[in-house]
**Q** 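Here it is, the structure, as structure tokens.
This is a predicted model, so every value here is computed, not measured. If you read the sequence from its start, that first residue is 1, and numbering goes on from there.
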Amino acid sequence: MVFVNSYSPEPDVSEEELYGPEPYDINFVLPVPPVLSTDKLRLVPFIPRVHAAAYFDAVRGHETIYQYIPAALEHPSDFLRFVEMRRRDKMSVMFAVIDTTRPDPKHPDWEGSLAGMFGLIYTDKARLVTDIGPAIVLPAFQRTHVASHALGLLLKYLLDIAPSGLGFRKVKWTVSPSNLPSNKLVQRMGFKFEGFARWTYVMPRVEGYQKDGKEARAGDAGDGLLGRDSNELAVCWDDWEKGGRELVEQVLARVP
């Protein structure tokens with residue numbers, strides 16, 4: 001029996017490629033409208049040349065907001081490399097979260113202030129399923145309407161029937177059991193708990209602090225990196241049609 005394995009890893013992102021191509025190609029498998037919006041928030045494609053500088057200013061000194069995320073985002077170049085690798089993956093798209101209740105004099109064309117970045121990953125057009133992640137709310141905008149409105153907008157975009165939405169069947173959320181605010185948020189937005197999955201991620205080693213995780217056995221292929229368990233939650237189309245949409249609308253209406 002003869003066989004070959006022609007696999008080669010994807011090329012790394014060079015310094016010249018960190019900000020992506022110009023004009024910026026989101027390279028996503030599904031149509032993305034220019035803007036998704038509520039009366040308090042806008043989602044637009046995250047374009048590093050446009051949004052990264054303000055993002056880095058807002059997160060500087062607060063890098064532990066990434067403690068539950070299984071990616072090295074703490075250094076600006078690593079963050080840009082992550083965004084570019086997601087751009088190259090047709091199953092992913094990143095959104096800039098703009099809080100329209102807080103004007104930014106430096107960026108009047110944004111119609112608000114940059115409040116975070118939400119993404120879609122593992123988007124499967126054939127199976128009509130996607131994952132929301134990462135979900136990053138900048139420190140100055142935590143415990144406000146931002147997370148609820150961003151999540152609600154994505155649910156409506158994904159689960160509503162065309163032409164107002166994509167008509168997907170399932171939207172997933174995978175979260176560390178230790179991340180209590182995130183677990184509470186998605187359950188408040190109608191996500192249903194589907195299971196507890198052990199050892200779902202290898203957590204990268206970063207400078208300055210230790211990410212959320214637990215030790216694995218000595219000598220495995222993870223080279224001493226921590227592992228992370230996950231709670232898996234989802235909203236499916238039938239949840240959406242049987243009160244899920246109304247629940248989200250109610251949350252959006254009452255969040256100050």
**Q** For Asn179 and Asp212, which I'm curious about, is there any donor-acceptor pair between the side chains at under 3.5 Å?
**A**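 The criterion, which ignores hydrogens and geometry beyond distance, is not satisfied for Asp212 and Asn179.
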**Q** Strictly below 4.0 Å, N to O, side chains only: are Lys211 and Glu74 in salt-bridge contact?
**A**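 The answer is yes: the pair qualifies as a salt bridge.
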**Q** Side chains of Glu249 and Lys156: does their closest heavy-atom pair fall under 4.5 Å?
**A** yes
**Q** Is there a donor-acceptor contact under 3.5 Å from the side chain of Asn27 to the main chain of Arg87?
**A** yes
**Q** Nearest heavy-atom pair of Val137 and Ala147: which atoms, and what distance?
**A** CG2-CB, 4.0 Å
**Q** Roughly how far, to the nearest 0.5 Å, is the OG atom of Ser176 from the CG atom of Asn231?
**A**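 Answer for the CG-OG pair, Asn231 versus Ser176, is 7.5 Å.
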**Q** Is it true that Val13 and Phe28 fall in one hydrophobic cluster, defined by side-chain heavy atoms closer than 4.5 Å?
**A**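 Yes: a chain of side-chain contacts under 4.5 Å links Val13 to Phe28.
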**Q** With no hydrogens and no angle check, do the side chains of Ser148 and Arg188 hold a donor and an acceptor under 3.5 Å apart?
**A**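 Note: Ser148 and Arg188 side chains meet the donor-acceptor criterion.
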**Q** Are Leu252 and His149 side-chain neighbours, meaning at least one heavy-atom pair lies under 4.5 Å?
**A**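 Of all side-chain heavy-atom pairs linking His149 with Leu252, at least one is under 4.5 Å.
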**Q** Quick check on Gln142: does its CD atom have over 12 non-hydrogen neighbours (other residues, nucleotides or ligands) under 6.0 Å away?
**A** yes
**Q** To the nearest 0.5 Å, what is the distance between CG (Asn183) and CH2 (Trp173)?
**A**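 These two atoms lie 9.5 Å from each other.
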**Q** If we only count heavy atoms from C-beta on, is the Tyr55 to Leu138 side-chain gap below 4.5 Å?
**A**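 The answer is yes, as the side chains (C-beta and beyond) meet within the 4.5 Å cut-off.
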**Q** Working note: Arg169 + Val129, criterion side-chain contact (heavy atoms from CB on, under 4.5 Å); need CA distance, chi angles, decisive distance, verdict.
**A** CA-CA 6 Å; Arg169 295 182 179 177; Val129 61; over 6 Å; no
**Q** Side chains of residues 90-101: which donor-acceptor pairs under 3.5 Å do they make with residues two or more places apart or in other chains?
**A**
from: Ser92; atom 1: OG; to: Asp89; atom 2: OD2; distance (Å): 3.0
from: Asp99; atom 1: OD1; to: Thr101; atom 2: N; distance (Å): 3.0
from: Asp99; atom 1: OD1; to: Thr101; atom 2: OG1; distance (Å): 2.7
from: Asp99; atom 1: OD1; to: His145; atom 2: NE2; distance (Å): 3.0
from: Asp99; atom 1: OD2; to: Thr101; atom 2: OG1; distance (Å): 3.3
from: Thr100; atom 1: OG1; to: Lys40; atom 2: O; distance (Å): 3.0
from: Thr100; atom 1: OG1; to: Leu41; atom 2: N; distance (Å): 3.4

**Q** Would you confirm whether Thr130, through its side chain, and Asp124, through its main-chain N or O, come within 3.5 Å as a donor-acceptor pair?
**A** no
**Q** If you group Ile, Leu, Val, Met, Phe, Trp and Tyr by side-chain heavy-atom gaps below 4.5 Å, do Leu30 and Leu153 land in one group?
**A** yes
**Q** Nearest 0.5 Å, what's the OG-CD distance between Ser77 and Glu84?
**A**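 Here the interatomic distance stands at 13.5 Å.
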**Q** At their closest point, which heavy atom of Leu128 faces which heavy atom of Lys125, and how far apart are they?
**A**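 Reported closest heavy-atom pair: CD2-O, 3.3 Å.
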**Q** Please confirm whether the backbone N or O of Gly61 pairs with a side-chain atom of Glu63, one donor and one acceptor, at under 3.5 Å?
**A** yes
**Q** What distance separates Trp199 CH2 from Arg228 CZ, expressed to the nearest 0.5 Å?
**A**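 Output value for this atom pair is 12.5 Å.
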**Q** Do Ile69 and Tyr209 land in one hydrophobic cluster if side-chain heavy atoms of ILVMFWY residues count as linked below 4.5 Å?
**A** yes
**Q** For the residue pair Glu194 and Lys170, establish whether any side-chain heavy-atom pair is separated by less than 4.5 Å.
**A** yes
**Q** To the nearest 0.5 Å, how far apart are CZ in Arg81 and CZ in Arg86?
**A**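 Going from the CZ atom of Arg81 to the CZ atom of Arg86 covers 12.5 Å.
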**Q** Which pair of heavy atoms, one from Pro45 and one from Ile26, lies closest together, and at what distance?
**A** CB-CG2, 3.8 Å
**Q** Do Val59 and Phe79 have side-chain heavy atoms sitting under 4.5 Å apart?
**A**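 No; the side chains remain at least 4.5 Å from each other.
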**Q** How close do Lys214 and Asp229 get, heavy atom to heavy atom, and via which atoms?
**A** NZ-OD2, 2.7 Å
**Q** Work out which heavy atom in Ile132 is nearest to a heavy atom in Phe191; give both atom names and the distance.
**A** CD1-CZ, 4.5 Å
**Q** Could you verify whether a donor N or O on one side chain and an acceptor N or O on the other, from Thr64 and Gln67, lie under 3.5 Å apart?
**A**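 No.
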**Q** Going from CG on Asp78 to CD on Glu207, what distance comes out if it is rounded to the nearest 0.5 angstrom?
**A** 10.5 Å
**Q** Do other residues, nucleotides or ligands put more than 12 heavy atoms under 6.0 Å from Tyr122 OH?
**A**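 No - once you tally the heavy atoms of other residues, nucleotides and ligands closer than 6.0 Å, there are 12 at most.
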**Q** Answer yes if Leu233 and Phe118 sit in the same cluster of Ile, Leu, Val, Met, Phe, Trp and Tyr residues linked by side chain heavy atoms under 4.5 Å apart, and no otherwise.
**A** yes
**Q** Charged N to carboxylate O under 4.0 angstrom, Glu10 versus Arg88?
**A** no
**Q** Between side-chain atoms of residues 157-165 and protein atoms elsewhere (two or more places apart, or another chain), which donor-acceptor pairs fall under 3.5 Å?
**A**
from: Tyr157; atom 1: OH; to: Pro31; atom 2: O; distance (Å): 2.7
from: Asp160; atom 1: OD1; to: Trp240; atom 2: NE1; distance (Å): 2.8
from: Asp160; atom 1: OD1; to: Arg245; atom 2: NE; distance (Å): 3.0
from: Asp160; atom 1: OD1; to: Arg245; atom 2: NH2; distance (Å): 3.4
from: Ser164; atom 1: OG; to: Ile161; atom 2: O; distance (Å): 3.1

**Q** Side-chain donor-acceptor contacts of residues 46-54 below 3.5 Å, not counting sequence neighbours, with atom names and distances?
**A**
from: Arg49; atom 1: NH1; to: Tyr19; atom 2: O; distance (Å): 3.2
from: Arg49; atom 1: NH1; to: Gly20; atom 2: O; distance (Å): 2.8
from: Arg49; atom 1: NH1; to: Pro21; atom 2: O; distance (Å): 3.4
from: Arg49; atom 1: NH2; to: Gly20; atom 2: O; distance (Å): 3.3
from: His51; atom 1: ND1; to: Ile47; atom 2: N; distance (Å): 3.0
from: His51; atom 1: ND1; to: Ile47; atom 2: O; distance (Å): 3.4

**Q** Are Val206 and Leu73 connected, step by step, through hydrophobic side chains (Ile, Leu, Val, Met, Phe, Trp, Tyr) whose heavy atoms are closer than 4.5 Å?
**A** yes
**Q** Answer yes or no: is there a donor N or O on one side and an acceptor on the other, between the side chain of Ser230 and the main chain of Thr174, under 3.5 Å?
**A**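 Not at all, since once roles are kept as given, no pair shorter than 3.5 Å links the two residues.
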**Q** Near Arg102 CZ, under 6.0 Å, is it more than 12 heavy atoms from other residues, nucleotides or ligands?
**A**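 Enclosed.
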**Q** Tell me the closest heavy-atom pair linking Pro34 and Val44, and the distance in Å.
**A** O-CG1, 3.6 Å
